[in-house]
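Below is one structure, written out as structure tokens; comments come after it.
Quick caveat, the model's predicted, so the values are computed rather than measured.
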Amino acid sequence: MTSMKRTFVVSAVIAAFAGGAVIAQQSAAPRVNHEWASKAPAGKHHTLPATLETVQWGWLDPKEPPKLTINSGDTVSIETMMHAHDKIQPGTTIEQAVELRKANPGGGPHSMTGPIFVNGAEPGDVLEVRILRIEPKPFAVNFNLPGKDFPTIGALASEMPEGFIRFFNLDLQKRTAEFKPGITLDLQPFPGTFAVGVDPDDPSPRKGGAKDPMAPVSTLRPWKNGSNLDINEMQEGSTIFIPVFLKGGLIWTGDSHCRQGNGEVNLTALECSYKEIRIQPIVRKDMKLEWPFIETRTHWISVGLNEDLNVAMVNATREAVNWLASQKMVPMTRYEAYALVSMAGDCRVSQVVDVRKGVHCMIPKSIFTNLKRS
């Protein structure tokens with residue numbers, strides 16, 4: 001075969017593979033359920049619409065009256081809003097987005113539906129929350145704030161002095177979004193912010209500089225109660241375990257994402273809102289946790305948070321090691337767990353833009369050869 005022919009054939013093969021990749025990416029993402037988990041009998045089903053009465057902008061207030069009261073095992077379909085009480089809409093300019101960001105000093109941009117009171121949830125318990133279904137609304141947005149005005153917000157803020165905003169129409173049937181002609185993203189929706197009631201010992205500043213530990217806490221910083229975790233593995237079919245700090249648990253969700261890369265480097269993901277995120281909260285009195293923990297069909301995921309990314313990495317690693325050393329499927333020492341995380345754990349930067357940076361370490365279930373699988 002001549003050099004010219006060989007080059008042509010190789011190019012054709014590469015083009016075929018590339019075309020196949022584009023076609024595959026444009027097809028609808030598979031839907032996932034909890035077939036991998038133990039059966040959880042469902043109680044009553046509830047709905048919580050997003051209104052100005054049920055949605056709080058940028059703050060988790062432990063004194064906010066519950067918008068819904070449910071029992072452990074009940075299911076809830078929750079509607080969410082776009083940022084700033086739904087004020088971010090197609091046609092919003094970057095200048096208007098900046099004005100909205102400045103309109104709530106100290107608070108986050110997030111619109112949080114809740115709180116939901118879960119009967120029987122007490123401080124010291126754990127809420128196991130199964131994410132059963134996510135149905136987005138038909139548009140999304142991504143923006144970065146101008147680095148000249150917000151020099152610390154975004155990994156490259158100093159290199160991006162101007163702001164940028166772009167809206168996207170979502171193909172909800174294919175569950176895709178066209179970034180621009182030639183680039184199509186498959187939707188991978190998950191709640192960027194999912195919280196229970198605040199931890200009174202959270203060192204975050206309180207609204208208005210209040211010294212009361214039960215004063216409202218901004219949604220900006222993730223913490224032991226979850227909040228702005230931005231962990232993109234928390235998709236439909238996953239479960240998050242969160243320690244309870246206040247009676248009733250007090251569940252909130254918002255900052256809805258339709259896709260996000262690890263790091264969320266420019267400040268925002270493919271930000272959207274949901275017609276429905278359906279959850280099933282289960283009160284676990286047989287568990288004790290200090291930090292949130294996530295389980296998916298394929299992985300166990302530990303969480304580490306800190307203003308210093310290096311410390312966040314240490315925290316996530318420690319949580320992974322502690323979990324492996326305490327699980328009963330294959331007993332092991334902490335030294336063995338430490339070695340296993342080093343060999344098989346995949347520690348990823350969740351986000352670097354929420355004041356407290358996040359790392360999550362993923363332990364694959366596939367390495368446990370005796371694990372029962374569906």
Side-chain angles (χ1 to χ4, degrees), residues 25 57-58 81-111 136 139-170 176-193 204-205 218-222 227-232 254-273 305-313 348-360:
Q25 188 181 43
W57 176 5
M81 285 184 179
M82 186 53 80
H83 291 323
H85 267 162
D86 238 10
K87 291 184 174 66
I88 299 288
Q89 293 289 321
T92 299
T93 66
I94 189 61
E95 291 77 17
Q96 291 169 325
V98 169
E99 290 175 5
L100 289 169
R101 186 69 192 88
K102 293 178 177 179
N104 191 10
H110 318 113
S111 300
F139 83 90
V141 66
N142 175 270
F143 60 90
N144 71 269
L145 297 174
K148 61 187 178 184
D149 301 317
F150 299 88
T152 63
I153 299 181
L156 301 179
S158 63
E159 300 177 26
M160 303 289 176
E162 304 303 323
F164 171 89
I165 188 167
R166 177 171 291 171
F167 287 88
F168 303 87
N169 293 318
L170 306 181
T176 60
E178 184 181 73
F179 178 77
K180 63 183 304 182
I183 300 177
T184 297
L185 304 174
D186 56 304
L187 303 188
Q188 299 174 10
F190 73 97
T193 301
S204 297
S218 172
T219 58
L220 285 174
R221 298 168 177 81
S227 197
N228 195 15
L229 290 170
D230 286 327
I231 295 176
N232 62 15
D255 184 27
S256 304
H257 292 171
C258 277
R259 186 183 174 116
Q260 179 204 295
N262 286 313
E264 199 184 21
V265 294
N266 88 332
L267 173 64
T268 57
L270 186 62
E271 310 279 329
C272 59
S273 55
L305 304 166
N306 195 270
E307 284 73 4
D308 184 327
L309 186 59
N310 291 320
V311 178
M313 177 69 185
R348 305 176 178 181
V349 177
S350 316
Q351 54 73 27
V352 294
V353 294
D354 297 334
V355 185
R356 283 195 187 115
K357 300 170 178 65
V359 172
H360 58 280

Evaluate side-chain contact (heavy atoms from CB on, under 4.5 Å) for D354 paired with E264, printing each intermediate quantity in order.
-> CA-CA 9 Å; D354 297 334; E264 199 184 21; 4.3 Å; yes

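- Scanning both residues, F167 and G91, for their nearest heavy atoms gives CE1-N, 3.8 Å.
- Remark: the backbone N or O of A269 is paired with a side-chain donor or acceptor of N142 at under 3.5 angstrom.
- Remark: E178 pairs with no residue by the side-chain hydrogen bond (donor to acceptor under 3.5 Å, both in side chains) rule, at least two apart or across chains.
- Looking at residues two or more places apart in sequence or on another chain, you find a side-chain hydrogen bond (donor to acceptor under 3.5 Å, both in side chains) between E271 and H83, H257.
- The backbone N or O of F143 lies less than 3.5 Å from a partner atom in the side chain of T268, making a donor-acceptor pair.
- Listed for the S273 side chain is no donor-acceptor partner under 3.5 Å among the backbone atoms of M81.
- For V311, the side-chain contact (heavy atoms from CB on, under 4.5 Å) partners at least two apart in sequence or on another chain are N306, D308, N315.
- Looking only at distances, a side-chain donor or acceptor of N104 sits under 3.5 Å from a matching main-chain atom of W57.
- Annotation: salt bridge (Lys or Arg N to Asp or Glu O under 4.0 Å) contacts of R221 (sequence neighbours excluded): none.
- At distances below 3.5 Å, at least one donor-acceptor pair connects side-chain atoms of R259 with backbone N or O atoms of D186.
- Checked against side-chain contact (heavy atoms from CB on, under 4.5 Å), I153 has the following partners two or more places apart in sequence or in another chain: L145, F150, L267.
- With sequence neighbours excluded, the residues satisfying side-chain hydrogen bond (donor to acceptor under 3.5 Å, both in side chains) with S204 are D202, R356.
- Of all heavy-atom pairs between A177 and L170, the closest is CB-CD2, 3.6 Å.
- Looking at S111, its side chain does come within 3.5 Å of a backbone N or O of A84 through a donor-acceptor pair.
- Across all their heavy atoms, T92 and A97 have their closest contact at CG2-N, 4.1 Å.
- Within the structure, salt bridge (Lys or Arg N to Asp or Glu O under 4.0 Å) contacts touching residues 84-98 (residues at least two apart or in different chains) do not occur.
- For H360, there are no ring pair (Phe, Tyr, Trp, His ring centres under 6.0 Å) partners, not counting sequence neighbours.
- Listed by first and then second residue, the salt bridge (Lys or Arg N to Asp or Glu O under 4.0 Å) pairs involving residues 144-154 are K148-E162 (not counting sequence neighbours).
- Here T193 pairs with H110, M112, S227, N228, D255 under the side-chain contact (heavy atoms from CB on, under 4.5 Å) rule; sequence neighbours left out.
- R166 meets the side-chain hydrogen bond (donor to acceptor under 3.5 Å, both in side chains) test with no other residue; sequence neighbours excluded.
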Working for side-chain contact (heavy atoms from CB on, under 4.5 Å), residues N262 and N232 = CA-CA 7 Å; N262 286 313; N232 62 15; 3.3 Å; yes

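- Applying the side-chain contact (heavy atoms from CB on, under 4.5 Å) test to V349 and every residue at least two apart in sequence or in another chain returns L309, V352.
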